[in-house]
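All residue numbers refer to positions in the sequence shown, counting from 1. Owing to the predicted nature of the structure, the values given are computational and were not obtained by experimental measurement.
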Amino acid sequence: MQYEEINEKTIKISLTFQDLVDHEVKLSDFFTNQSMVENLFYELVEELGLEERFSSGLLTFQIQPFPKGVNIIVTEENIDIDPTTLPDDPEEFEQLMTDFFGRVEDLKQNGGASPDKNTTENKETKVKSKPDPDFVFYSVEFDNMMQLLAAVKNVKIEAEESELYGYKDKFYLIILDNQRAKGKTEVSAMRARMLEYGRETAKSRETLQEYGELLITTRALEVLSKI
């Protein structure tokens with residue numbers, strides 16, 4: 001684990017995959033579990049002795065995966081968001097954070113200055129347009145292991161994370177893909193190719209976590225490709 005000062009308002013905490021294992025965290029949790037991110041951050045604050053580092057303002061977390069782990073970019077910004085109104089739904093929360101980080105990034109590019117009236121109006125328009133999320137989860141259902149292996153062997157997806165669940169004699173492959181880096185078209189195309197071997201399912205990751213059996217906890221695509 002490494003800690004780096006970016007500026008007086010921002011720090012970067014770099015965690016390797018082993019660091020994540022030590023804290024019992026999976027990469028996919030960063031995009032679906034708000035409370036986990038917050039709890040992990042406060043654990044790291046205590047470990048790194050950063051209790052006095054941030055004294056006021058709102059702390060925001062930006063997650064940046066890299067080949068050996070993940071960076072947590074922590075920024076202190078005085079942007080008004082009522083924490084009591086944050087949505088419970090993971091997708092709505094992810095969308096809110098995507099819009100919010102865009103506002104923070106604009107502030108950093110402008111040297112931390114407050115946006116003028118015109119800038120604020122533009123940002124409000126951008127929020128209303130509901131841009132596509134940076135990362136997307138999707139689930140594919142397979143009747144048997146042969147179908148699943150055929151899909152993995154023939155469709156090469158470099159996903160951010162993947163998991164495999166078993167539920168009622170069927171297999172469910174959960175894939176987290178980077179829509180920001182690849183573009184919506186490529187992510188949709190890879191999903192469509194995977195569905196040539198399986199089918200769409202209404203069962204969410206949360207449902208499978210609660211009722212299914214987790215067969216491969218991380219990098220399921222990579223593990224299955226070696227079978």
With no hydrogens and no angle check, do the side chains of Y211 and Q209 hold a donor and an acceptor under 3.5 Å apart?
no
Linked, directly or transitively: V21 and L176 (ILVMFWY side chains, under 4.5 Å):
no
If you count heavy atoms of other groups shown closer than 6.0 angstrom to CD of E4, is the number above 12?
yes
In Å and rounded to the nearest 0.5 Å, what is the OG1 to OH distance from T207 to Y167?
8.0 Å
Which distance, rounded to the nearest 0.5 Å, do you find between the CG of L173 and the CD1 of I157?
7.5 Å
Under the 3.5 angstrom rule, does the side chain of D177 hit a backbone N or O of Q179 as a donor-acceptor pair?
no
Would you compute the distance between atom CD of E24 and atom CG of L40 and round it to the nearest 0.5 angstrom?
11.5 Å
Rounded at 0.5 Å granularity, tell me how far CD in E43 sits from CG in D22.
11.5 Å
Any chain of hydrophobic side-chain contacts (each under 4.5 Å) joining M146 to Y165?
no
Show me the donor-acceptor pairs within less than 3.5 Å that the side chains of residues 186-200 make with the rest of the protein, sequence neighbours left out.
residue	atom	partner	partner atom	Å
S188	OG	K184	O	2.9
R191	NH2	E200	OE2	2.7
R193	NH2	N154	O	3.1
R199	NE	E141	OE2	2.8
R199	NH1	D143	OD1	3.3
R199	NH1	D143	OD2	3.2
R199	NH2	E141	OE2	2.8
R199	NH2	D143	OD1	2.4

Quick one: do N39 and H23 satisfy side-chain contact (heavy atoms from CB on, under 4.5 Å)? Show the steps, please.
CA-CA 10 Å; N39 292 337; H23 286 86; over 6 Å; no
Does R219 offer a backbone N or O that forms a donor-acceptor pair with the side chain of E161 under 3.5 Å?
yes
Please determine whether side-chain contact (heavy atoms from CB on, under 4.5 Å) holds for the pair L44 and L15, giving the CA-CA distance in whole Å, both sets of side-chain angles, and the decisive distance to 0.1 Å.
CA-CA 10 Å; L44 299 177; L15 301 172; 4.0 Å; yes
Which heavy atom of T217 sits nearest a heavy atom of E163, and at what distance?
O-CG, 3.5 Å
What pairs with E158 under salt bridge (Lys or Arg N to Asp or Glu O under 4.0 Å), at least two apart in sequence or on another chain?
none
Say you draw a straight line from CG of D134 to CG of N178; how long is it, rounded to the nearest 0.5 Å?
7.0 Å
So F171 and L215, side-chain contact (heavy atoms from CB on, under 4.5 Å) or not? Walk me through it.
CA-CA 9 Å; F171 297 95; L215 303 176; 3.8 Å; yes
Taking every non-hydrogen atom, the tightest pair across S162 and A220:
OG-N, 2.9 Å
Just wondering, more than 12 heavy atoms not from K156 lying within 6.0 Å of its NZ?
yes
Start with the C-alpha gap between I174 and L208, add the side-chain angles, then the distance that decides, and say whether side-chain contact (heavy atoms from CB on, under 4.5 Å) holds.
CA-CA 10 Å; I174 306 294; L208 294 170; 3.6 Å; yes
Of all heavy-atom pairs between L221 and V152, which one has the smallest distance, and what is that distance?
O-CG1, 3.6 Å
Closest heavy-atom pair, S14 versus D19, reported as atoms and distance to 0.1 Å, is O-OD2, 4.2 Å
Would you find a donor on one side and an acceptor on the other, under 3.5 Å apart, between the side chain of K153 and the backbone of S225?
yes
For the NZ atom of K170 and the CG atom of N144, what is their distance to the nearest 0.5 Å?
8.5 Å
Tell me the closest heavy-atom pair linking L164 and L148, and the distance in Å.
CD1-CD2, 3.7 Å
